[in-house]
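Counting starts at 1 for both ligands and their atoms, in listed order.
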Amino acid sequence: MKKRVLTGLQPTGVITLGNYIGSIKQMIEYQNIYESFIFVADLHAITVNQDSIELRKNIKSLIALYIACGIDPEKNTIYIQSENPYVTAISWMLECNTYYGELSRMTQFKDKSKKNANFTSGLLTYPVLMAADIISMNADYVPVGIDQKQHVELARDIAIRFNKKYKELFIVPEVIIKTTGTKITDLQTPDKKMSKSNENQKGVIRLLDDLNVVRKKIMSATTDSEMKIIYDPVNKPGISNLINIYSSLTNKSIEDIEKEFIDSNYGNFKTKVADVVVDTLSNIQKRYNEILNDDEYLDRILDKGRDKNIEISKKIYDKMIDCIGLGR
Ligand code: ATP
Ligand code: LTN
């Protein structure tokens with residue numbers, strides 16, 4: 001039987017070229033190896049204030065964007081977290097087996113609660129809901145960014161504790177941290193990660209950016225004065241970043257790219273990188289707009305995803321009720 005991989009994403013706005021190359025492309029590889037589950041963590045998003053109209057728009061947009069990027073609905077179970085009431089019920093049962101001390105020690109909670117003194121209790125219990133997402137689907141592997149590692153480790157601790165206290169019910173999940181994925185840097189300050197929260201967005205390419213703007217951002221990327229297209233991240237971070245982008249999107253090796261552009265100047269090289277990025281984004285955007293306007297298609301995928309999500313988690317829910325001694 002195939003191992004299960006599961007990941008969730010919060011519907012909080014833009015997706016960058018860095019997210020695409022570093023994360024989405026990796027998930028596209030997993031879908032060919034594992035039984036894959038991808039969901040939109042909308043309940044996690046409301047641990048901080050959200051505008052209800054924006055939130056709904058972002059949920060749909062994220063789903064359409066993932067499919068447009070190549071997350072195949074035939075190979076993945078795609079769903080929206082809030083459409084399954086069992087997960088929150090499971091989360092409550094797990095909360096009653098999690099200590100306040102554990103939750104208050106989480107780095108993300110400490111950071112976020114410091115920023116806003118009037119934080120909600122959802123911000124504290126956020127990792128238990130995440131554990132419920134994972135445990136209720138019997139996931140073996142959970143790929144996340146480094147900031148979420150601690151939460152997956154807590155999910156492991158909770159699963160182990162529950163298994164010991166009641167019955168061997170849960171699979172103990174393993175975290176996958178992608179250390180091999182290329183880190184894409186900011187086009188203006190190439191020593192910094194390309195990030196959706198970077199203050200200056202001139203160096204950040206977003207998947208839904210206007211394509212003329214994308215081209216301009218690449219043409220004005222910071223480079224050096226040597227005029228040689230050579231991969232050297234320490235001394236030539238700007239050019240090396242463009243080589244990384246070009247290599248990731250064309251699947252050409254760095255050596256081949258150096259050879260291809262041996263007689264080129266930076267202007268020509270940037271034009272070629274811009275062509276490839278614009279071409280990739282134009283395909284994604286075209287597909288995105290088609291999907292976004294096809295409610296029937298999206299509904300079919302999301303209904304199927306919701307039903308499978310509920311079916312699996314209901315089994316776990318029933319077993320939990322039983323072994324805890326709840327109900328009749
Ligand atoms: P934030 O600005 O809020 O930190 P971010 O754009 O850095 O957001 P995250 O939401 O933290 O992105 O990360 C989502 C996923 O995308 C993670 O798996 C992370 O490793 C990957 N990722 C983000 N930025 C890059 C990048 N510049 N290069 C490669 N991978 C990236
Ligand atoms: N907290 C994660 C999103 C998330 C998640 C999960 C990831 C919610 N539940 C379960 C993996 C598994 C985030 O903010 N990126």
Side-chain angles (χ1 to χ4, degrees), residues 4-28 30 36-48 59 62 65-66 69 79-82 84 87-88 90-91 94 106-109 111-112 122-123 125-156 158-159 173-187 189-201 203-207 233 237 240-241 244-245 247-249 309 313:
R4 266 189 198 160
V5 66
L6 169 140
T7 202
L9 301 129
Q10 289 195 49
T12 43
V14 299
I15 299 272
T16 69
L17 187 66
N19 297 140
Y20 175 70
I21 292 175
S23 170
I24 304 177
K25 280 194 91 201
Q26 235 110 359
M27 301 208 300
I28 292 167
Y30 295 143
S36 302
F37 295 81
I38 294 175
F39 67 96
V40 174
D42 55 348
L43 291 171
H44 277 101
I46 61 163
T47 51
V48 295
I59 293 168
L62 185 55
L65 198 51
Y66 272 84
C69 286
Y79 58 93
I80 300 171
Q81 185 187 35
S82 64
N84 177 358
V87 175
T88 37
I90 290 172
S91 182
L94 296 180
M106 291 288 119
T107 309
Q108 180 180 283
F109 170 71
D111 288 349
K112 291 200 176 173
L123 198 66
T125 56
Y126 171 121
V128 189
L129 179 58
M130 194 162 152
D133 292 326
I134 300 167
I135 287 171
S136 68
M137 295 303 281
N138 288 323
D140 296 285
Y141 302 121
V142 184
V144 284
I146 190 83
D147 59 313
Q148 297 296 322
K149 181 169 178 254
Q150 205 182 31
H151 294 157
V152 182
E153 281 165 357
L154 181 69
R156 283 175 67 84
I158 297 173
E174 274 175 48
V175 65
I176 305 184
I177 302 281
K178 293 143 289 178
T179 43
T180 47
T182 311
K183 191 175 113 191
I184 303 303
T185 60
D186 186 281
L187 298 175
T189 38
D191 53 342
K192 211 164 83 185
K193 192 179 93 160
M194 183 185 283
S195 215
K196 52 180 171 273
S197 52
N198 286 358
E199 238 166 68
N200 182 352
Q201 289 287 302
V204 178
I205 294 179
R206 294 174 299 194
L207 299 191
S240 303
N241 188 40
N244 271 332
I245 293 174
S247 164
S248 302
L249 298 185
N309 177 223
S313 59

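- Taking only nitrogen or oxygen atoms, main chain and side chain alike, G18 reaches within less than 3.5 Å of ligand 1.
- Looking at heavy atoms from C-beta onward, V144 lies in side-chain contact with I177 at the 4.5 angstrom threshold.
- The N/O atoms of D147, backbone and side chain alike, include none that comes under 3.5 Å of an N/O atom in ligand 1.
- Residue contacts with ligand 1: T16 is placed with no nitrogen or oxygen under 3.5 Å of a nitrogen or oxygen of the ligand (distance criterion only).
- M137 has its side chain out of reach of F39: every pair of non-hydrogen atoms, C-beta onward, lies at least 4.5 Å apart.
- Close contacts of ligand 1 with K193, meaning ligand atoms under 4.0 Å from a residue heavy atom, involve 7 (O), 23 (C), 24 (N), 26 (C), 27 (N).
- K183 is not listed as a side-chain neighbour of M194, based on a closest heavy-atom distance of 4.5 Å or more.
- Annotation: K196 places an N or O atom under 3.5 Å from an N or O atom of ligand 1; distance criterion only.
- Not one N or O on the side chain of R4 forms a donor-acceptor pair closer than 3.5 Å with the backbone of D140.
- Every atom of ligand 1 is numbered from 1 in the order shown, and the set under 4.0 Å from a heavy atom of S23 is 15 (C), 16 (O), 18 (O), 21 (C).
- Side-chain contact between Y126 and M106 is absent, with no heavy-atom pair separated by less than 4.5 Å.
- Taking every non-hydrogen atom of K183 and a distance limit under 4.0 Å, the qualifying atoms of ligand 1 come out as 28 (N), 29 (C).
- Relative to atom 23 (C) of ligand 1, the option among I245, L17, N19, V14 with the closest non-hydrogen atom is N19.
- No side-chain heavy atom of P237 sits less than 4.5 Å from a side-chain heavy atom of T185.
- Looking at heavy atoms from C-beta onward, Y79 lies out of side-chain contact with N84 at the 4.5 angstrom threshold.
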For Q150 and Q108, what are the C-alpha separation, side-chain angles and deciding distance, and is it a side-chain contact (heavy atoms from CB on, under 4.5 Å)? CA-CA 9 Å; Q150 205 182 31; Q108 180 180 283; 6.0 Å; no
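- When only modelled atom types and interatomic distance are considered, T16 and N19 share a side-chain donor-acceptor pair under 3.5 Å.
- In the model, D133 has a side-chain atom that pairs as donor or acceptor with a side-chain atom of Q81 under 3.5 Å.
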Pick out the protein N or O atoms lying less than 3.5 Å from any N or O of ligand 2, and list each pair with its distance.
| residue | atom | partner | partner atom | Å |
| --- | --- | --- | --- | --- |
| ligand 2 | 1 (N) | Y126 | OH | 2.8 |
| ligand 2 | 1 (N) | Q148 | OE1 | 3.1 |
| ligand 2 | 9 (N) | D133 | OD2 | 2.8 |
| ligand 2 | 14 (O) | Q10 | NE2 | 2.8 |
| ligand 2 | 14 (O) | Y126 | OH | 3.0 |
| ligand 2 | 14 (O) | Q148 | NE2 | 3.4 |

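- When each atom of ligand 1 is checked for a heavy atom of S197 under 4.0 Å away, the hits are 1 (P), 2 (O), 3 (O).
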